[in-house]
Amino acid sequence: MKTKSLGAPAAHLLVLDPGDDVMSELTEFAKQHSIEGASFSGIGAFEQATIAYWNRHTKEYEHIEVAEQVEVLAVTGSIARSGDDVKIHAHTVLGRRYGAAIGGHLLSARVYPALEIFLSDHGTRLERRQDEPTRLWLLDV
């Protein structure tokens, strides 16, 4: 992964390389730069991904494996903390060959050939706490 600050100390460009694991790279970047509250968006491509749909009745994520080359039409999310843990919450829309799209909560993805992420560090701590009724890790505001 290559990174570059974009003028303001809170703006960063992350360009992920082939084979990079998106969630690991975002987590490590947040740790290395002491980011406690940020938002991000990006475009690029994945060679593999696992997305999910949250089922309100079972209160569980249903995994959807995407085992093919896809365009990342959009990936967007937030970075927060729970104690010392970095919490990445991301959603994505993926374009399949011939124009079909699939989207959901991003659990994991491997980049190929690149992913460009624009990240804005808000300079304040965002805290996630587990919501008992839903079991989801929600922002605590």
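Position 1 is the first residue of the sequence, and the numbers go up from there.
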Same cluster or not: are Leu16 and Val66 linked, directly or through other Ile, Leu, Val, Met, Phe, Trp or Tyr residues, by side-chain heavy atoms under 4.5 angstrom apart? yes
Strictly distance-based, threshold 3.5 Å: is any side-chain N or O of Thr76 a donor or acceptor partner for the main-chain N or O of Gly42? no
With distance as the sole test, does Glu36 use its side chain to make a donor-acceptor pair with the main-chain N or O of Ala30 at under 3.5 Å? no
Compare every heavy atom of Ser108 with every heavy atom of Gln48, then report the nearest pair and how far apart it is. NE2-OG, 4.3 Å
List the atom of Glu47, the atom of Val111, and the distance in Å for their closest heavy-atom pair. OE2-O, 4.1 Å
Step-by-step side chain to side chain contact (heavy atoms under 4.5 Å, CB included) determination, Lys59 to Trp54: CA-CA 7 Å; Lys59 296 179 178 53; Trp54 183 74; 4.3 Å; yes
Sequence neighbours excluded, which residues qualify as side-chain hydrogen bond (donor to acceptor under 3.5 Å, both in side chains) partners of Gln69? none
Between Leu106 and Val86, is there shared hydrophobic-cluster membership here, with clusters defined by ILVMFWY side-chain heavy atoms closer than 4.5 Å? yes
Among Glu65, His105, His63, Arg110, find the residue that satisfies the side chain to side chain donor-acceptor pair (under 3.5 Å) test when tested with Thr50. Glu65
Distance col, row Arg96:CZ vs Glu68:CD, nearest 0.5 angstrom, shows 4.5 Å
Looking at every heavy atom in both Arg128 and Ala80, which two are closest together, and how far apart are they? CG-CB, 3.7 Å
Heavy-atom pair of closest approach, residues Ala38 and Asp121: CB-CA, 3.9 Å
Can you name the closest pair of heavy atoms from Leu107 and Ala52 and give their distance? CD1-CB, 3.7 Å
Please report the interatomic distance CD1(Ile79) to CD1(Ile88), rounded to the nearest 0.5 Å. 4.0 Å
Report yes or no: do Leu115 and Met23 belong to one cluster of Ile/Leu/Val/Met/Phe/Trp/Tyr joined by side chain heavy-atom distances under 4.5 Å? yes
Given Trp137 and Asp85, is the side chain to side chain contact (heavy atoms under 4.5 Å, CB included) satisfied, shown in steps? CA-CA 12 Å; Trp137 287 88; Asp85 292 339; over 6 Å; no
Which atom names give the shortest non-hydrogen contact between Val93 and Ala101, and what distance separates them? CG1-CB, 4.2 Å
Candidate list Thr92, Ile43, Leu94, Leu26, test side-chain contact (heavy atoms from CB on, under 4.5 Å), partner Val75, passing option: Thr92
Looking at CG of Leu119 and CZ of Phe29, how far apart are the two atoms once the value is rounded to the nearest 0.5 Å? 6.0 Å
Quick one: pull up OG1 in Thr27 and CD in Gln32 and give me the separation to the nearest 0.5 Å. 11.0 Å
Rounded to the nearest 0.5 Å, what's the gap from NE2 on His89 to CG on Leu126? Could you check? 13.0 Å
Does a sphere of radius 6.0 Å around OH in Tyr112 hold more than 12 heavy atoms from other residues, nucleotides or ligands, not counting ones at 6.0 Å or beyond? no
Does atom CZ of Arg56 have more than 12 heavy-atom neighbours from other groups under 6.0 Å away? no
Gap between atom CZ of Phe46 and atom CD1 of Ile51 - 0.5 Å precision: 10.0 Å
